[in-house]
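Report on one structure; see the data block that follows.
These numbers come from a predicted model, not from an experiment.
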Amino acid sequence: MREVVQNDKSRASRRVSRTPRATAVLAVAVAALAAGCAQGDDQGVRGAAGQQAPKAPPAHAVDGAAKAREARAALAAAAKRWKLDKVPLTAPAPPAKKPEIEAREGFEVDGQESDDLPPVFTTVPTKEKIVFLTIDDGAEKDPAFLKMMSELKIPYTVFLTDEEIKDDYGYFKKMQARGVTLNNHTLSHPYLPGLSYEDQKREICGMQDVMEKHYGKRPVLFRPPYGNYNRDTLRAAKSCGIEYAPIWSEEVYVDHWEYREWDQDLHPGDIVLTHFRGTDDWDGTMTDMVRRFLDRITADGYAVARLEDYL
């Protein structure tokens, strides 16, 4: 075989030497072949003429998809660990343009618009299937609740009363560090309409001072105890730096729900109330209450959103 090849090469060489044009053609062909081989070596496998070799997705896209899968798996594991019926739904991104918040009809006071008083409302205007979880007072300080909400990544908003939290301000500091907004629910949880303007102001502004001292911020959200208020309440709240006075559409307990509306149902944008309570007051724990809440809203196709993102 070797001799035949050599003879073929010698014959080709003799023919090329007699034809200069053939020499040029052969040189071009050899150059093209070499270029093609080089490209094929660089890509591993050479594609058909005119085709580009497939490109790998950018590294950041691969990393993002992997992280998303990991997050979903972690959430599913947490839902199983906390014995939920289903994995909680994730709320959509909040709107770039915030909805206009107005006092609910029938919940206004004299001078509501002219004095630009904080609106009292029970629902945030939205068409998204979301609800907002809000928790009042601060009496129960269950570490398992903090862990559950953190692992399930459920947003919530709290309204604190100094008489209920002063034995452990640190518990709510941990909550704040997890991104929870701490808001005003007065110093001692009185029936505000029964107090003078000055006494109402002392209750509300005094709690603003407590919040600033222990948590570094004066809240802009205030919830009147029991959902009761009058014009003096909102005037006093405004003088203390309050901008909104959300109350609620539904209240969830460890063993039942209560509804404000006639249809006894959830609606997009509803504010849900519960309290920091444990076995001393309920036939269950804070985590039992959260499980009941999440199982109900998830079954109805709702997710929990962060109230402050819509204000």
Side-chain angles (χ1 to χ4, degrees), residues 118 120-122 132-143 145-146 149 155-230 232-254 258 271-282 285-286 289-290 293 306-308 311:
V120 176
F121 57 102
T122 63
F132 305 97
L133 178 63
T134 62
I135 312 177
D136 281 9
D137 65 49
E140 180 73 7
K141 302 166 184 70
D142 184 356
F145 168 78
L146 290 181
M149 300 301 272
Y156 57 103
T157 298
V158 303
F159 294 87
L160 301 177
T161 297
D162 191 47
E163 278 193 0
E164 302 289 2
I165 69 171
K166 61 185 180 182
D167 61 332
D168 190 358
Y169 290 119
Y171 177 83
F172 300 95
K173 189 72 174 177
K174 294 176 185 176
M175 191 176 289
Q176 185 184 41
R178 289 166 165 80
V180 176
T181 303
L182 310 181
N183 298 291
N184 190 324
H185 199 41
T186 71
L187 288 171
S188 64
H189 207 277
Y191 175 72
L192 289 174
L195 302 180
S196 68
Y197 170 79
E198 289 302 327
D199 285 344
Q200 292 198 53
K201 184 175 179 180
R202 183 185 66 82
E203 281 283 342
I204 300 169
C205 288
M207 191 58 189
Q208 292 288 79
D209 294 340
V210 169
M211 300 297 287
E212 184 173 31
K213 177 181 178 181
H214 293 282
Y215 306 113
K217 294 182 179 180
R218 299 178 74 82
V220 296
L221 271 65
F222 160 71
R223 173 172 283 163
Y226 315 107
N228 295 133
Y229 60 95
N230 58 15
D232 281 348
T233 307
L234 300 185
R235 287 177 56 232
K238 181 180 178 180
S239 74
C240 299
I242 297 299
E243 298 177 10
Y244 301 97
I247 50 174
W248 59 91
S249 285
E250 294 87 25
E251 183 170 0
V252 61
Y253 296 82
V254 74
E258 293 182 0
I271 298 171
V272 180
L273 163 68
T274 192
H275 290 81
F276 287 98
R277 295 286 185 270
T279 53
D280 289 345
D281 300 286
W282 286 344
T285 65
M286 288 287 291
M289 178 277 298
V290 172
F293 165 73
R306 185 174 178 270
L307 179 60
E308 293 79 9
L311 303 179

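- Looking at heavy atoms from C-beta onward, Ile135 lies out of side-chain contact with Met175 at the 4.5 angstrom threshold.
- For an aromatic pair to be called close, the ring centres must be under 6.0 Å apart, and Phe145 with Tyr156 satisfies this.
- Remark: Tyr244 engages no residue in a ring pair (Phe, Tyr, Trp, His ring centres under 6.0 Å) (not counting sequence neighbours).
- Closest approach of Pro246 and Leu307 over heavy atoms only: CG-CD2, 4.3 Å.
- Side-chain atoms of Thr161 do not come within 3.5 Å of backbone N or O of Leu187 as any donor-acceptor pair.
- The two residues Lys238 and Pro118 have their closest heavy-atom pair at CB-CD, 3.9 Å.
- Taking CE of Met207 as the reference point, atom CG of Asp162 lies at 5.0 Å (rounded to 0.5 Å).
- Under the 3.5 Å distance criterion, the side-chain polar atoms of Lys166 are left unmatched by any main-chain donor or acceptor of Glu164.
- Between the side chain of Ser249 and the main chain of Thr122, a donor-acceptor pair closer than 3.5 Å is present.
- The structure places CH2 of Trp282 at 8.0 Å from NE2 of His275, a figure rounded to the nearest 0.5 Å.
- With a 6.0 Å radius and a threshold of 12 heavy atoms from other residues, nucleotides or ligands, Lys217 has its NZ atom at or below the threshold.
- Atom OG1 in Thr233 sits 6.0 Å away from atom CD1 in Ile204 (nearest 0.5 Å).
- From Asp142, atom CG reaches atom CZ of Arg277 across 13.5 Å, with rounding to the nearest 0.5 Å.
- Exactly one of Asp136, Val210, Ile165 qualifies for a side-chain contact (heavy atoms from CB on, under 4.5 Å) with Leu160. That residue is Ile165.
- Between Ser239 and Tyr197, the closest heavy-atom pair is OG-OH, 3.8 Å.
- Nearest heavy atoms, Pro193 versus Tyr229: CG-N, 3.6 Å.
- The two atoms that bring His189 and His185 nearest to each other are NE2-NE2, 3.1 Å, heavy atoms only.
- Across all their heavy atoms, Tyr171 and Glu140 have their closest contact at CE2-O, 4.4 Å.
- Atom OG1 of Thr274 and atom CG of Leu133 lie 7.0 Å apart (nearest 0.5 Å).
- Taking the six-membered ring for Trp and thresholds of 30 and 60 degrees, Tyr215 and Tyr169 have ring planes more than 60 degrees apart, a perpendicular arrangement.
- With sequence neighbours left out, Asp232 forms a salt bridge (Lys or Arg N to Asp or Glu O under 4.0 Å) with Arg235.
- No side-chain heavy atom of Val254 sits less than 4.5 Å from a side-chain heavy atom of Thr285.
- The structure places CG of Leu311 at 9.5 Å from CZ of Arg306, a figure rounded to the nearest 0.5 Å.
- In this structure, the side chains of Thr181 and Pro219 stay at 4.5 Å or more apart for every pair of heavy atoms.
- Tested against Asn184 for a side chain to side chain donor-acceptor pair (under 3.5 Å), the candidates Glu203, Gln208, Arg218 yield a single pass: Gln208.
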